[in-house]
J.: 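I'd like to ask you about the structure that follows.
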Amino acid sequence: MIEIKNLSHSFYVGKKGKEREIPVLNGISLEISQGEIASIFGKSGSGKSTLLNLISGFMKPGSGRILINGEDVTSFSEKQWAAFRLQNFGFIFQNFQLIPSLSTFDNVALPLVLEGVHASQRKLRVQEILQRVGLLEQANHFPNELSGGQQQRVSIARALILNPQIILADEPTGSLDSETEKEILNLIRELNRQQGITFFIITHDEEVAEISDKRFYLHDGALVNGGVSIEV
Ligand SMILES: Nc1ncnc2c1ncn2[C@@H]1O[C@H](COP(=O)(O)OP(=O)(O)OP(=O)(O)O)[C@@H](O)[C@H]1O
């Protein structure tokens with residue numbers, strides 16, 4: 001479960017002593033239950049990425065609190081965040097962020113390598129996940145030998161490999177054509193239904209609304225309806 005309570009954030013630009021405040025988020029409160037797909041819509045510059053960066057601990061909020069599965073993560077240290085992220089979150093990005101010199105198999109295996117999982121166990125786990133996302137036959141291909149949709153499947157497999165409860169997705173369909181977009185959204189829905197993974201998706205893409213249990217709209221740094229989601 002993700003609980004955000006009265007979260008506000010500003011950036012400060014300009015020379016030291018003469019900084020100008022740019023308020024970006026203003027009193028955001030929302031709740032996403034375990035197993036829900038929640039999407040955040042908003043125009044470019046409305047603060048979607050900032051919200052995602054705060055929830056994933058890459059930035060510290062100016063004020064407010066964030067609770068993940070009941071744990072207050074707001075004042076976590078860098079070290080606590082690093083461990084917490086690995087255990088709880090998977091990430092999916094618009095531009096996939098795969099390592100070009102690694103095969104599909106090795107891109108997906110990377111988090112297991114970092115976690116020190118033994119090679120034989122790694123192989124079993126990666127094969128299981130590649131099968132789940134329909135990419136077993138492309139295990140030895142490199143990213144530049146894959147279509148956009150296949151590359152996004154690799155990144156979804158990598159996000160799943162450590163069994164996260166929550167997947168944070170930044171425009172996951174942003175660079176896909178409309179048919180591939182549907183395939184990827186169906187896969188997200190399937191993973192959500194089968195494994196109860198919570199998805200938090202920031203997007204411009206109205207199609208994402210169709211697979212969402214909850215939609216939130218960000219406008220001028222605040223949630224439309226004061227954070228009461230539109231149940232789909
Ligand atoms: N590091 C920063 N320093 C100063 N201003 C920033 C910084 N990062 C973001 N901003 C500003 O904060 C506002 C919100 O940015 P953010 O990237 O969160 O929006 P977004 O809704 O994700 O936009 P997009 O859909 O274009 O990615 C914008 O006005 C942006 O210029």
Side-chain angles (χ1 to χ4, degrees), residues 2-32 36-68 73-78 81-82 85 89-98 148 151-152 155-156 159 166-178 180-181 184-185 188 198-212 214-230 232:
I2 302 172
E3 293 166 88
I4 296 178
K5 297 181 193 274
N6 209 12
L7 198 69
S8 296
H9 192 74
S10 295
F11 290 104
Y12 293 87
V13 293
K15 285 197 182 126
K16 213 173 172 197
K18 289 192 177 172
E19 293 99 339
R20 192 164 52 87
E21 180 180 2
I22 304 178
V24 176
L25 298 176
N26 183 15
I28 303 283
S29 296
L30 60 81
E31 280 188 21
I32 300 164
E36 280 184 329
I37 299 182
S39 48
I40 313 282
F41 289 85
K43 282 194 284 199
S44 182
S46 60
K48 303 184 298 296
S49 302
T50 304
L51 184 59
L52 194 79
N53 283 329
L54 293 171
I55 292 177
S56 47
F58 291 113
M59 283 172 12
K60 284 220 177 297
S63 62
R65 295 202 306 146
I66 301 170
L67 284 87
I68 313 273
V73 297
T74 325
S75 49
F76 268 9
S77 66
E78 284 294 316
W81 260 119
R85 256 184 237 117
F89 293 153
F91 291 91
I92 307 174
F93 304 97
Q94 174 172 0
N95 58 2
F96 323 128
Q97 300 207 358
L98 301 175
Q151 289 184 61
Q152 193 56 299
S155 97
I156 292 173
I166 299 170
I167 291 193
L168 304 173
D170 185 351
E171 301 274 5
T173 56
S175 51
L176 305 175
D177 61 62
S178 68
T180 314
E181 167 201 27
I184 292 298
L185 291 177
I188 288 176
T198 307
F199 280 84
F200 181 91
I201 305 175
I202 63 169
T203 188
H204 283 106
D205 179 0
E206 278 297 328
E207 296 279 323
V208 174
E210 301 204 353
I211 63 153
S212 303
K214 279 182 176 170
R215 285 178 276 167
F216 298 95
Y217 288 85
L218 255 183
H219 183 70
D220 284 345
L223 288 175
V224 176
N225 290 340
V228 178
S229 65
I230 297 167
V232 184

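The analysis underlying the following values was restricted to heavy atoms, covering all of them including side chains, and did not include hydrogens, waters or symmetry mates. On a predicted model such as this, the values are computed, not experimentally measured, just so you know. Whatever order the structure lists ligands and atoms in, that order sets their numbers, starting from 1.
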J.: In Å, rounded to the nearest 0.5 Å, how long is the span from CD1 of I37 to CD1 of I32?
T.: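 The CD1 atom of I37 sits 11.5 Å away from the CD1 atom of I32.
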J.: Provide, to 0.1 Å, the distance between atom 19 (O) of ligand 1 and the closest protein heavy atom, together with that atom's residue and name.
T.: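 Answer for atom 19 (O) of ligand 1: G47 N, 3.3 Å.
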J.: When you measure from atom 14 (C) of ligand 1 to every protein heavy atom, which one gives the shortest distance, and what is it?
T.: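 It is G45 O, 3.4 Å.
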J.: Are side-chain heavy atoms of V208 and I188 found at a separation under 4.5 Å?
T.: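 A side-chain contact under 4.5 Å is absent here.
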J.: Using side-chain hydrogen bond (donor to acceptor under 3.5 Å, both in side chains) as the criterion, point out the one residue from E19, R20, E21 that pairs with S10.
T.: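 Between S10 and the candidates, side-chain hydrogen bond (donor to acceptor under 3.5 Å, both in side chains) is satisfied uniquely by E21.
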J.: Find all atoms of ligand 1 within a distance of less than 4.0 Å from any non-hydrogen atom belonging to V13, and give their numbers and elements.
T.: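 The list of qualifying atoms is 4 (C).
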J.: For atom 25 (O) of ligand 1, which protein heavy atom lies nearest, and how many Å away is it?
T.: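 Ranked first by proximity to atom 25 (O) of ligand 1 is K48 NZ, 2.8 Å.
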J.: What part of V24, side chain, backbone, both or neither, has a heavy atom within less than 4.0 angstrom of ligand 1?
T.: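 Just the side chain.
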J.: Is the shortest N/O to N/O distance between E171 and ligand 1 below 3.5 Å?
T.: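 In fact, backbone or side chain, E171 has no N or O that close.
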J.: Counting non-hydrogen protein atoms only, what is the nearest one to atom 6 (C) of ligand 1? Give residue, atom name and distance.
T.: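 Atom 6 (C) of ligand 1 sits closest to the protein heavy atom F11 CD1, 3.3 Å.
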J.: In sequence, state the C-alpha distance, the side-chain angles, and the governing distance for L51 and I202, and then conclude on side-chain contact (heavy atoms from CB on, under 4.5 Å).
T.: CA-CA 9 Å; L51 184 59; I202 63 169; 5.8 Å; no
J.: Is it the case that the side chains of S178 and E181 hold a donor-acceptor pair, with the cut-off being a distance below 3.5 Å and no angle test?
T.: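 No - no donor-acceptor pair under 3.5 Å links their side chains.
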J.: Show me which atoms of ligand 1 lie under 4.0 Å from any heavy atom of H204.
T.: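 Here the atoms of ligand 1 in question are 25 (O).
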J.: Is there a side-chain contact between L54 and I4 (heavy atoms, below 4.5 Å)?
T.: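 No, side chains not in contact.
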J.: Identify the two heavy atoms, one from F96 and one from S155, that lie closest to each other, and give their separation to 0.1 Å.
T.: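 Result for this residue pair: O-CB, 3.6 Å.
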J.: Can you name the atoms of ligand 1, numbered from 1 with element, that are less than 4.0 Å from a heavy atom of K43?
T.: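 So the answer, numbered in order with elements, is 21 (O).
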J.: Going by a strict under-4.0 Å cutoff (protein heavy atoms only), does atom 31 (O) of ligand 1 have a neighbour on the protein?
T.: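 No, there is none.
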J.: What protein heavy atom sits nearest atom 26 (O) of ligand 1, and how far off is it?
T.: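 Protein heavy atom with the smallest distance to atom 26 (O) of ligand 1: S44 OG, 2.6 Å.
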J.: On the ring face of F58, is R85 found with NZ or CZ under 6.0 Å from the centre and within 45° of the axis?
T.: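 Yes.
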J.: At less than 4.0 angstrom from any non-hydrogen atom of S49, what atoms of ligand 1 do you find?
T.: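 In order of number, 17 (O), 18 (O), 20 (P), 22 (O), 27 (O).
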J.: Specify whether H9 and F11 have parallel, tilted or perpendicular ring planes, treating 30° as the upper limit for parallel and 60° as the lower limit for perpendicular.
T.: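 The rings of H9 and F11 stand perpendicular, inter-plane angle above 60°.
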J.: To check your reading of the model: name the closest protein heavy atom to atom 16 (P) of ligand 1, its residue, and the distance in Å.
T.: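 Of the protein heavy atoms, T50 OG1, 3.7 Å lies nearest.
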